[in-house]
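Chain letters run A, B, ... following the sequence lines, proteins first and then strands; every chain starts at 1. All of these numbers come straight from a predicted model, not from anything done at the bench. Values reported hereafter were calculated over all heavy atoms of this structure, with side chains retained and with hydrogens, waters and symmetry mates removed.
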Amino acid sequence: MKFERELLKGVAPVVVLEILSRGEMYGYELSGEIEKRSGEILTLGRGTLYPLLYNLEAKGLVAAESRKSESGRKRRYYSITSKGLGQLAAKKEQWEQLQRGVNLVFGFLEPGLSPA
Amino acid sequence: MSGNESNVGLPKVALDFIESVVKKVRYRKKIRQEVREELTDHFYMAFKDCKTEQEKVQTAEEIISEFGDVRMLAGLIRRGKKRCRPLWRTVVVRTFQTIGISILCMILYSVWFISGKPNVETDYVVALSKHLMPEADDDNNAWANYKKAAELYKSIAEDDDFNEVYYDVKLPLSSLSREQRDGLNKWVEVNEQAWVEFSIAVEKEYLYREYGHNQNPDDLWLMNIYIPNLSKVKRLTQLAAWKSKLAMEQGESREAFEYCVKSMKASKHWMSQGTIIEYLVGLSVGGYGCNQALRLVIDGRFDPAELKAFRNEMSAVFSEGYPYCDLTGEEMFMFDAIQHYFTDGGPGGGHIAPRQLAKDLDEDYYDVKKIRDFLFGSIAHAGRNKTIAKAKEVYDKIEGLSRISPYERHARDISIDSIIKELPQYRYYIIHIFIPALEKVCNYHYQRGCEYQAVLTVLAIKQWEAEKGALPESLGVLVEAGLLDKVPDDPYSAGSLVYRVDGDGFMLYSVGMNFVDDGGEYGSNLKGGRRLWGGNGDAVFWPN
């Protein structure tokens, strides 16, 4: 399914932070992991990936470190920072609220009940 | 290929893409290298399942397609990397950018500023001549006679003994040595023709001639007008003073006084001209006449009729009042200077053209330090229109103040010099440079005018004394008797000249430039000699 660009715009940073919260990754690995963990629903375009990572790095939400990979090439690993963790927690709560509200509107939820 | 060892094994299409992105990132080398390494790693990881070169190429093309527009990607990467820059680096970069832009703007502005050239539209030499042109018969114009007199005038030989003293018209004949006396006689003799022309000139109604200049295109402005013959006019009035002494020695008192009157008439002519220097020459010439007139009264014995005739003739010269200096010519000098030094819109924007100013001040314009000084000085200076307006304002104020006596100015604590001093020098240095010492000129006017009034007063007193056999009690009685039009004002006090009967004689004086009545104590110069208008003592006209 193809999602509208504007719909995905706010999602990408949160998703990246969530993935990185589970362990450091490099760029290529991260893009594959997003697809895999979202059940291939979400894909982060390659043209978006690195600019997004640099922006998160500029905001201090992720940290980057260059190290030699197993093949001897230099590789940049990204990890979430404590600030990033805080931001992630806040965003996840917002998402939860948003999701609940939308589910209620769509009738996926009865008021007063949690989703299955 | 970038030459980077880590790129080995990548298909050309991937390498070209990576280099293209890196090139378009247009950022620091270190950052570009980071981006190169990251993209290279990305491609390598994507190729890990590719078995053939063809598969690699195909995969590379898919990835490239997913990356999207190279320029946009590079732009987003650059933006992101810039945001990663620490704050201090951002501040430093922005600061240098600002300074660089400012310097560039300054250079461009300076080039534009310097490239301006003045636009000279008005010929003020012609304008001044027109301003002075009288509506009168040219037959009554004294110029041709003055000109001829100057042409005929012969100077004293440099080795002549009289050459040492001719200018000191206060000296009595008895103080001359035999050689000096011979020199004087010779001087008088060789200048007989010149004197005849001069005598004709002073009897004419007015003096007018068109000003001229050297006709050099660079010199066509008032600064360079040609004023010939001024020194010769002075010499001829000095000659008049000496001829007066000689006539008195011969007992020709009427002739002796006529020489004084002629000097006063010449004075009136030259005071009516358009430049300060001519006005000052006129004042000076009048001073010779007044001084010699007083000497004649001291040295001679005159009957009342003679004194009355002398007084009437002297009084008639300035019957309309002692003339003030007409500042129109000076104002035109200023406007002429402004049009010669300021641009008029366009390049330079109505400011001073620094090159013109430097050229005229004979500065070595190619000295970098001086270029900078002239440029900054010119930028700081007020623009053309403001300078013109300020010059007009200054001259209007000066004209007003010049009509006020030194005493009144002193009492009100205002001065012409202060008007100039109040102008910020960096904003109006053109005005500072080109305005003459008008305070002094104004004071000279009042001093010479006072001397003139003193001569008329002494003649009136002497006439009264000759008629009545005693000195008048006060100057007021002379006015009542019609010997004086009014009691003469003292320009250096709130009242009139001080008159005091002192035994058989009398004193007549102004309280002088210190505004203090020193009881008739003579003013002195630095050498201790007498000085009429010194900063000390009184200006004592009688006893002389």
Side-chain angles (χ1 to χ4, degrees), chain A residues 2-3 5 8-9 12-13 16-17 19-20 23-36 38 40 42-81 83-84 87, chain B residues 2 4-10 14 17-18 20-22 24-25 27-28 30-50 59-87 89-90:
Chain A
K2 206 172 175 188
F3 292 99
R5 190 179 168 172
L8 290 174
K9 217 175 177 178
V16 166
L17 286 174
I19 301 288
L20 289 177
E24 65 173 18
M25 286 182 196
Y26 53 92
Y28 182 84
E29 187 183 15
L30 181 62
S31 68
E33 196 66 19
I34 289 173
E35 207 172 319
K36 184 177 152 190
S38 67
E40 295 184 10
L42 301 175
T43 52
L44 190 58
R46 295 181 203 267
T48 310
L49 171 66
Y50 291 104
L52 174 61
L53 285 170
Y54 302 149
N55 280 326
L56 290 175
E57 186 187 354
K59 288 176 185 173
L61 301 177
V62 306
E65 190 190 348
S66 287
R67 296 202 294 269
K68 274 220 168 115
S69 64
E70 58 282 344
S71 56
R73 278 190 311 276
K74 262 198 180 167
R75 180 173 286 166
R76 220 157 182 251
Y77 289 87
Y78 295 90
S79 56
I80 193 166
T81 62
K83 186 179 176 186
Q87 181 84 335
Chain B
S2 68
N4 190 330
E5 288 175 1
S6 60
N7 290 341
V8 172
L10 284 184
F17 173 77
I18 292 169
S20 183
V21 171
V22 166
K24 282 179 169 49
V25 165
Y27 201 30
R28 288 184 291 135
K30 185 186 165 196
I31 301 299
R32 283 186 277 129
Q33 185 58 22
E34 279 178 12
V35 173
R36 183 184 284 112
E37 285 166 357
E38 197 153 21
L39 290 177
T40 303
D41 186 54
H42 190 100
F43 275 97
Y44 267 115
M45 293 311 295
F47 296 154
K48 94 175 157 244
D49 296 327
C50 295
T59 305
E61 283 170 358
E62 282 170 16
I63 292 172
I64 289 168
S65 169
E66 284 171 24
F67 268 123
D69 179 57
V70 168
R71 188 167 298 185
M72 188 180 296
L73 175 64
L76 289 171
I77 288 174
R78 187 160 112 248
R79 194 189 302 176
K81 285 297 188 183
K82 272 193 171 178
R83 285 175 182 165
C84 291
R85 188 167 64 183
L87 180 63
R89 196 191 283 274
T90 304

Scored by heavy-atom pairs under 4.5 Å with chain A, the best of Leu39(B), Asp41(B), Leu73(B) is Asp41(B)
Look at the side chain of Thr59(B) and the backbone N and O of Phe47(B), then say whether any donor-acceptor pair between them is shorter than 3.5 Å.
no
Check: Lys83(A) side chain, Lys59(A) main-chain N or O, donor-acceptor pair, under 3.5 Å:
yes
Any donor-acceptor N/O pair, Thr40(B) side chain to Arg36(B) backbone, under 3.5 Å
yes
Of the listed residues (Arg83(B), Met45(B), Glu34(B)), which shares the most heavy-atom pairs with chain A below a 4.5 Å separation?
Met45(B)
Identify which part of Ile63(B) has an atom lying under 4.5 Å from any heavy atom of chain A, answering side chain, backbone, both or neither.
both
For the interface with chain A, which of Pro86(B), Ala46(B), Gly75(B) has the highest count of heavy-atom pairs at distances below 4.5 Å?
Ala46(B)
Return yes if some donor-acceptor pair links the side-chain N/O of Asn55(A) with the main-chain N/O of Pro51(A) below 3.5 Å, else return no.
yes
Non-hydrogen atoms of chain B under 4.5 Å away: do they reach the side chain of Leu56(A), the backbone, both or neither?
neither
Would you check if the side chain of Ser69(A) reaches a backbone N or O of Lys74(A) as a donor-acceptor pair within less than 3.5 Å?
no
